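Below is one structure, written out as structure tokens; the observations come after it.
Worth saying up front: this structure is predicted, and the values here are computed from it rather than measured. First the proteins, then the strands, lettered A, B, ... as listed; each starts at 1.
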Amino acid sequence: MKLRTLLFGAIGFALFLGFWHWQTYGNAIGDLPGPWLTARGLGEIAVQGILWENIVASVFRVAWGFSLAAGIGIPLGLALGWYPSLRAVFNPLVQALRPISPIAWLPFAVILFGGYPMSSDLSAIFLLFMSAFFPIVTASTSAAASLDPRYIRSASNFGVGGIAFFRRVMLPATLPQILTGLRLALGIAWVVVVAAEMLGVESGLGYQVMDSRNALRMDYVAAAMVVIALIGLLLDMGMARIEAAALARRGMSRR
Amino acid sequence: MSTKITVRGAHKVFSTKKGDVDVLDGVDLDVMEGEFLVIVGPSGCGKSTLLNCMAGFELVTSGSIRIDGAEVREPSRKRVFVFQEAGIFPWFSVWDNIGFGLGNLPFEEKHEIVMRYIRLVGLEGFEKAFPSELSGGMKQRVEFARALAVEPDVLYLDEPFGALDALTRLGMRSEIIRIWRETKKTCILVTHDVEEAVELADRIAVMTKRPATVHSVLQNDLPRPRDPDHPGFRALKDKIFGILGVER
């Protein structure tokens, strides 16, 4: 079963590689590079060491932006979900701000936190915060708002309120939806980090893409894209695993 | 037996978008200490609303509900509600669910109480199991144990067997009678199942359609365990069906 899944997946990759190779056959490094040039380019930037610095820079920014968004977004979202009056006042605002692409905040990020022409981690972190914040708030709000009334009544029946209610009922009940929101938010943040780093900073994988383009090293551009994909995949798998573990421990894994 | 709960002239009006809906229209009812009272009535007649008001989850619009002479204003650990579909928490083990209402007792004390009620409902060996690993009947047992563990005076049972399959339901009926006899709690059960009412109740309060009142309260002195084929059983059933306006 497992082998079958792997095999089928490998077929997809092989088809793509074949198509890619066929379409780019004979291209030079200044043109659209083929798989072989990309692999060689990946080897070169890995050996040069600059790749690792850029990976660290990107992951560092995502970690900060994402953690801040989770730290503020989860409590805020749960409060919005729990108190209907708070939700009535603030949810329309949240929903109105949500569709704004985080990249659109860049000019203000630069004014507020510094940046281009000088690089600023703060601006990039702000953009990542903006990208992760809304999915987290929205997931937490809907989780708290849809809390099963039987759980609320049970808790009040047994005199469980306040902090104990939050810890023993609210948090575990909303956890599955919050984790889904976190996973979504991390995926978005990872997409946005590359775009953010193309615009205002001098490190990170997005910067690597732009810098390589300016040097007309399209093989390095493609190599950076491969790295972006791999790390994105790893982050998502990590979140999926945390999600599964958290649910399994509560006997809620859906298998 | 002394009177545990007195309901006098209980009115309940729900405000909806389409205007006010009268659900309870002056309900009078006495519940005796330690008795098993079943409230039976047509679907949607407001019997669950009455139970919710007795539990303090909702307040009557006018009239009064008193327990031991004190007006019911909010939920209390002294009277615990058992839900139709398991209201137990899927993120807690059986042990943690049953201990949910026990607060911050020292572990040994809590463990002793939890294990006592696990034994009472016959779930030995499942302390560490999660609700997702249990059958419907077992979840219902956990719910009973969780309610009993806080030693309430009154148990409110809102169609507690409604979500169970027919066979499990029959088994759980005799279980609840056994538990009731061992613990001597005042039990008030709401159902639309007339046979269930006759099998379980000391007294049966038959409610009318909405807006509901109590039509009559019938005494049920049939010996337990009760046999549905007993002529007395059938006669009582037919009497209730008659009141509910169902031709048999």
Residue A/Gln95 excluded, over 12 heavy atoms near CD under 6.0 Å: yes

Heavy atoms of other groups near B/Phe126 CZ, more than 12 under 6.0 Å: no

Main-chain N/O of B/Pro75 paired with A/Asn157 side-chain donor or acceptor, under 3.5 Å: no

Residues A/Ser154, B/Arg146; criterion side-chain contact (heavy atoms from CB on, under 4.5 Å); working and verdict: CA-CA 10 Å; A/Ser154 289; B/Arg146 181 179 74 170; 3.1 Å; yes

Rounded distance (nearest 0.5 Å) linking atom CG of A/Asp148 with atom CZ of B/Phe83: 8.5 Å

Pair B/Glu58 + A/Arg153: basic N to acidic O under 4.0 Å: yes

Contact origin within B/Arg79 toward chain A - heavy atom pairs under 4.5 Å: backbone

Under 4.5 Å from a heavy atom of chain B, the part of A/Ala164 involved: neither

Crowding at CE, A/Met239 (>12 non-hydrogen neighbours, <6.0 Å): yes

A/Phe158 and B/Leu102: CA distance, side-chain angles, deciding distance, side-chain contact (heavy atoms from CB on, under 4.5 Å) verdict: CA-CA 8 Å; A/Phe158 290 109; B/Leu102 296 175; over 6 Å; no

Atom CZ of A/Phe13: over 12 foreign heavy atoms under 6.0 Å: no

CG (B/Leu167) with more than 12 external heavy atoms under 6.0 Å: no

Mutual orientation of the aromatic rings belonging to B/Trp91 and A/Tyr151 [parallel < 30°, tilted 30-60°, perpendicular > 60°]: perpendicular

Residue A/Phe108 excluded, over 12 heavy atoms near CZ under 6.0 Å: no

Stepwise side-chain contact (heavy atoms from CB on, under 4.5 Å) test for A/Val169 and B/Phe100: CA-CA 10 Å; A/Val169 180; B/Phe100 181 77; 3.8 Å; yes

CD1/A/Ile163: more than 12 non-hydrogen atoms of other groups inside 6.0 Å: no

B/Arg77 atom CZ, neighbour heavy-atom count above 12 within 6.0 Å: yes

Segment of B/Val150 engaging chain A (4.5 angstrom heavy-atom cut-off): side chain

CZ-CZ distance between A/Arg150 and B/Phe89, expressed to the nearest 0.5 angstrom: 10.5 Å

